[in-house]
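Below is one structure, written out as C-alpha cells; the observations come after it.
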2 protein chains.
Amino acid sequence: MDVSTEVLMDIFKNRGIRSSYTRMRIMGYMAANRNHPTADEIYSRLIEEIPTLSKTTVYNSLNAFVEAGLARVVTIEDNEARYDVDVSDHGHFKCQSCGRIFDFPVDMDCIEPKALEKFRINKRDVYFKGICPGCLDNK
Amino acid sequence: MDVSTEVLMDIFKNRGIRSSYTRMRIMGYMAANRNHPTADEIYSRLIEEIPTLSKTTVYNSLNAFVEAGLARVVTIEDNEARYDVDVSDHGHFKCQSCGRIFDFPVDMDCIEPKALEKFRINKRDVYFKGICPGCLDNK
DNA sequence: TATCTTATTGAAATAATTACAACTTTATTA
DNA sequence: TAATAAAGTTGTAATTATTTCAATAAGATA
C-alpha cells in the first residue's frame, strides 16, 4: 500500500465513506487530472486499466464523493455533469471554442448578499462562457 | 390582432425570427409566468389550449428564442434546462426544498475580472442553491 | 396569388443517468 | 483469523431529456 493510497483511505474514512480499490482509482484520477471530467471520460480512461469497471460504479462513486463533500458537480452545460475535486469557492469558465474549462477566483462575499439575507445558501456556482486566450490568438 | 400580439410580432421581426401563432403563445407564456419553466412545463400547459402542439416545436421555439437573444437557458440543475425571458445580468437561487427559482441582483463587475482579462466573456451565470425564507419558516 | 422559405408535427433515435438484483468486497467482531 | 453484516460493484434494462428527420403546413415576399 503506497503513500497516496493510504492518504486516500484516510480521507474516505474521515468522510464516512468506505474505501475500495475502484473508488481510490476514480478519486486518484480526478486528483491527477483537474480537467473537470465527465463520468464518461473517467470511465473511458480507467476501463483501460480496470477491465471490469462498470459505468454505474463510476456514477455511484462520484455521487458518493459529492455527498461526502469530496467533490462538486459542475453543470456548466445542460447535457452533461462534470466533476471537480476542488470544493473551495471558485468560478468556472468554459471556452466555447476548445471546450476546456478554466478555474478562476471569485469573491463570493462581493456577490449581492442583501437580497438573499433571509435565504440559507448551501451552494454557490459561477459559470462564465466565452473564448479563451489561446483560441482568441489562433483566429 | 390585439396589442400584445402586435408587440410580439414586432419583437420577433426585429430579432430576425419569423412570427407564428405557436411562438407567440410560447413567448406569451414565458412573459406571463416568470417561473423559469422547463420545456415540458410549457408544453404541458399549452397543450391544453393548442391540442396539436408538439414538444419538438416547444424545443425548436425555445432554441430560436435563445439564439435570437430573447431568452436565456438556466442550467441550475444538471438534468433539465429551464428558460428565462429576462436576459439581463442576474443570479438564480434554487430552493432545495420547494424547488422554486428566485432571481437576485448580481454585480457582475465585482466578480474577479483580473484573472479573466485575456478572455472574451459571452455569458455569465450565477447559480446559488439552498433554502428559501418560506421553507425555513415552515420547519 | 404564386412561390420560396421557414415552422410544425410525430415518430424514432440518441445520450446521460438511474434502478435493480445478483454477486463480491470491505469492515467488524468474536 | 474466521464468520458475519453492511456496503460496493456489475451489467442489463429502464427512464428521461433532447435531437433528428422527413412530410406537411403556414408565413413572408414579390
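Computed over heavy atoms, backbone and side chain alike; hydrogens, waters and symmetry mates excluded. Quick note on labels: first sequence line is chain A, next is B, and so on, each numbered from 1.
Of the residues in residues 12-26 of chain B, those placing a heavy atom less than 4.0 Å from an atom of DNA chain C are B:Arg18, B:Ser20, B:Thr22, B:Arg23, in numerical order.
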Q.
Walk along nucleotides 11-17 of chain C from 5' to 3' and tag each nucleotide B, S or - by protein heavy-atom contact under 4.0 Å, base first, then sugar-phosphate.
A. B----SS
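Straight-line distance from the CD atom of B:Glu77 to the P atom of D:dT16: 16 Å, rounded to whole Å. In this entry the distance linking CE of A:Met9 with P of D:dG8 reads 13 Å, nearest Å. Following rounding to the nearest Å, B:Ile50 (CD1) and C:dT9 (P) show an atom-to-atom distance of 8 Å. Look at CE on B:Met27: it is 14 Å from P on C:dA7, rounded to the nearest Å. Rounding to whole angstrom units, CD of residue B:Glu41 and P of D:dT18 are separated by 11 Å. Atom-to-atom, CG of A:Asn60 to C1' of C:dA21 comes out at 14 Å; the value is rounded to the nearest Å. Nucleotide D:dA17 holds its P atom 16 Å from the CG atom of B:Asn63, rounded to whole Å.
In this structure, B:Asp107 and A:Ile111 have side chains that are not in contact, with every pair of non-hydrogen atoms separated by 4.5 Å or more.
Counting only N and O atoms by type, the side chains of B:Arg25 and B:Tyr21 include a donor and acceptor under 3.5 Å apart. In summary, the side chains of A:Asp125 and A:His92 do not present any donor paired with an acceptor at a separation below 3.5 Å, with no hydrogens or angles considered.
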**Q.** Residues A:Ile26, A:Leu62; criterion side chain to side chain contact (heavy atoms under 4.5 Å, CB included); working and verdict
**A.** CA-CA 8 Å; A:Ile26 294 173; A:Leu62 290 171; 4.2 Å; yes
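With hydrogens and angles ignored, the 3.5 Å screen pairs no side-chain donor or acceptor of A:Tyr127 with any backbone N or O of B:Arg124.
Looking at A:Asp86 and A:Arg34, no side-chain N of the basic residue comes within less than 4.0 Å of a carboxylate O on the acidic one, giving no salt bridge. The pair A:Glu77-A:Lys129 counts as a salt bridge, with a side-chain nitrogen and a carboxylate oxygen less than 4.0 angstrom apart.
For the side-chain contact (heavy atoms from CB on, under 4.5 Å) with B:Tyr43, the lone residue among B:Thr56, B:Leu53, B:Thr38 that qualifies is B:Leu53.
The ring of B:Phe65 has its center closer than 6.0 angstrom to the ring center of B:Phe12. In this structure, B:Phe128 has its ring center under 6.0 Å from that of B:Phe104. Taking the ring centroids of B:Phe119 and A:Phe102, they lie under the 6.0 Å cut-off.
The end-to-end axis angle of the helix from C:dT1-D:dA30 to C:dA30-D:dT1, rounded to 10 degrees and based on five pairs per end, is 40°.
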